[in-house]
Number of protein chains: 2
Amino acid sequence: MKSIAKMSGVSVTTVSRVLGGSSKVNQKTYKRVMGVIKKVGYRPNALARGLSMQKTRTLGVILPDASNTFFSKIGKAIENTVRSHGYSVFLCDTDGIVDNEISAIKSLSERWIDGIILVAPRIDLRMLIRFSQEYEFYPIVADRKVEGIPIPAVWVDNMGGMIQATEYLIKLGHKRIGFVAGPPDVFNAIQRLNGYKEVLKRYGIPYQEKLVFTGRFMIPDGYAAAEYFLSLKEKPTAIIASNDLMAIGILKYLKSNGFEIPKDISLVGFDDIEISEALYPALTTVAQPIYEIGKNAAKMMLDYIETGRLVPNIVLHTHFVVRDSCR
Amino acid sequence: MKSIAKMSGVSVTTVSRVLGGSSKVNQKTYKRVMGVIKKVGYRPNALARGLSMQKTRTLGVILPDASNTFFSKIGKAIENTVRSHGYSVFLCDTDGIVDNEISAIKSLSERWIDGIILVAPRIDLRMLIRFSQEYEFYPIVADRKVEGIPIPAVWVDNMGGMIQATEYLIKLGHKRIGFVAGPPDVFNAIQRLNGYKEVLKRYGIPYQEKLVFTGRFMIPDGYAAAEYFLSLKEKPTAIIASNDLMAIGILKYLKSNGFEIPKDISLVGFDDIEISEALYPALTTVAQPIYEIGKNAAKMMLDYIETGRLVPNIVLHTHFVVRDSCR
DNA sequence: CTGTTAGCGCTTTCAT
DNA sequence: ATGAAAGCGCTAACAG
């Protein structure tokens, strides 16, 4: 910067102003300086700028599992919408481990990122708020319901989605519905289970523990769940998986063991990831507005940073996608 | 830092030395200062440190599509292996567009990252080398063959993998094999097509353009490909997809149109992503060492940065996974 | 409209 | 073993 100041015969300040698009610069000097900048191919030093401005135009995104399409799509959505506003994104993968979330927050804060978007975090939110104050970043929570805590959040009505799915099955005549739950420490997993329970209650069907199998949202868990359900004396006539990945595992087990879907057993998933439609039979599932989650979280962050004021929460809704895996 | 210097009655320099783990510091002062650091919960400012040291302990990773498990797994592998060495990772998604790759490089270089790992980049490598010199970062290329250009790279023998797949089909008795290619500007896509052609030649089977359909590596492309192949007068008895995602699309089309696999038509994929095994029939495919690609790229980068010297290329190999989609 | 000057928080000679 | 001071590249008052 110093050199380009020299080359164009002005002070560094003026160069800085040209770079910053300040209005207080003579048209002619502006052009001259800009010319030199272009010619030399000068690139500003974001570190120095950040150090000086106390702002980095960089955001952190913390994901439980970047190799899961559901989350990576959210990450992608965030990056896309934020980039057009001149922000860059730091991505951290935590494998769903709280300690990793915490160290990600710390590491991010050392880099003076302006804000952190936590996707489906498991961290205690009071702790998060403490960190955000101590390290001075704007927090946003995505894909987890937040209540009574001043952190802007966007989430999906998981319970409502599961209610719809369960109800659909019951109306189809199913009474014994197996449920593959997610990890009990994941808020969304609980919500989905609650949706299932709620519908059973409404329809006067007793809730049975043995019809619930708990997994960790991965394909093999679904496989194991199906194996378990089919070992039962009274086998379920339908199975709901708390996410599509586990539904895929179920599908796999059923088909390799000679069961036909939906003839012998009905199956419902949750998420509507891309492959679900391509499965055979195409999976009936609860579609989440995946991209929207990320996009909204990003927008909220931009807003939050801009205004410095808490932005209102956003609740998105699922929609039930009927395909060919139930009857 | 200043305040903790004051609190422990030493100079900033000493604090800096304590933080940096310098040996030239009295045991007692070390402990005293460390105590204060811990108590205050001090966090270093990575920006200032970076500015001063001209090193940020941060790497950039540029991916064509972060929402594709294949790439996000690679990204995850990189982050995992690099994190234990104190490095953080900036992830950029380019949607496979060269211009985005270039702006990602620029944006990353402004942040003074120490190195950039480009995964399956489409950029002209001479240009990359120019950038790396101009902006002073260490480049590593992953998942693309690099020859005659001084950029360390790790890639997979795509052609060899496809040769194996094609040969397998031919030995099964197939003569009319449809091939779903990837984008012609993607190096790996060309390599895979070449593998296919090579085997045809070896076995004296004439190469026919109409048996090749070009897609963009996504599920719908496979669907379209299958539709195309089955509209042919002489339909292929087997189809090879250049990646598993497209194979899934093919599977979908075939099954929804009453074709049985492998009875009516055989199918082979490429990549061996997680779902491929869970499909029905389980997909016979060419497995890539996905995690290894990322891990090796990361290690090479660490090495490169450490020694400042070019590290040798690494060529990984596929292995053919026979499952149930061929006969 | 433009330049001077003082930091931003940290590392690193160079003295002591 | 410790400290003073310069400097990394940039922005932001404050003067002019």
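Order of the sequence lines fixes the chain letters, A, B, ..., with proteins taken first and strands second; residue numbering starts at 1 for each chain.
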- Decide yes or no for B/Ile140 and B/Ile116: does some side-chain heavy atom of the first lie under 4.5 Å from some side-chain heavy atom of the second? no

- Taking five pairs at each terminus, the helix from C/dC1-D/dG16 to C/dT16-D/dA1 shows an axis bend, to 10°, of 40°

- For atom CD of A/Gln27 and atom P of C/dC1, their distance in whole Å: 9 Å

- With respect to B/Val141, which candidate in B/Val154, B/Leu128, B/Ile149 satisfies the side chain to side chain contact (heavy atoms under 4.5 Å, CB included) definition? B/Leu128

- Query: Under a 4.0 Å N-O cut-off, is there an ion pair linking A/Asp303 with A/Arg309?
  - Reply: no

- Item | Atom-pair distance (CZ on A/Arg32; P on C/dC1), nearest Å | 14 Å

- Task: Check whether any side-chain N or O of B/Thr14 sits under 4.0 Å from OP1 or OP2 of D/dG3, and answer yes or no.
- Result: yes

- Query: Tell me, which pairs form a side chain to side chain donor-acceptor pair (under 3.5 Å) where one or both residues lie in residues 46-62 of chain B, sequence neighbours left out?
  - Reply: A/Arg111-B/Thr58, B/Thr56-B/Asp114

- Task: Summarise how protein sits on nucleotides 6-16 of chain D as a single string, 5' to 3': B when a protein heavy atom is under 4.0 Å from the base, S for sugar-phosphate-only contact, - for no contact.
- Result: -BBBBBBB---

- Please determine, by modelled atom types, if A/Asn100 and A/Asp95 share a side-chain donor-acceptor pair under 3.5 angstrom. no

- Task: Find out whether A/Phe137 and A/Phe131 are in side-chain contact, i.e. whether some heavy atom of one side chain is under 4.5 Å from a heavy atom of the other.
- Result: yes

- Query: Taking NZ from B/Lys55 and C1' from C/dT12, how many angstroms apart are they, rounded to a whole number?
  - Reply: 15 Å

- Item | A/Thr29 side chain near C/dT2 phosphate (N/O to OP1/OP2, under 4.0 Å) | yes

- Query: On the ring face of B/Tyr135, is A/Arg43 found with NZ or CZ under 6.0 Å from the centre and within 45° of the axis?
  - Reply: yes

- Message: Please check: side-chain N/O of B/Arg32 versus main-chain N/O of B/Ser8, any donor-acceptor pairing under 3.5 Å?
- Response: yes

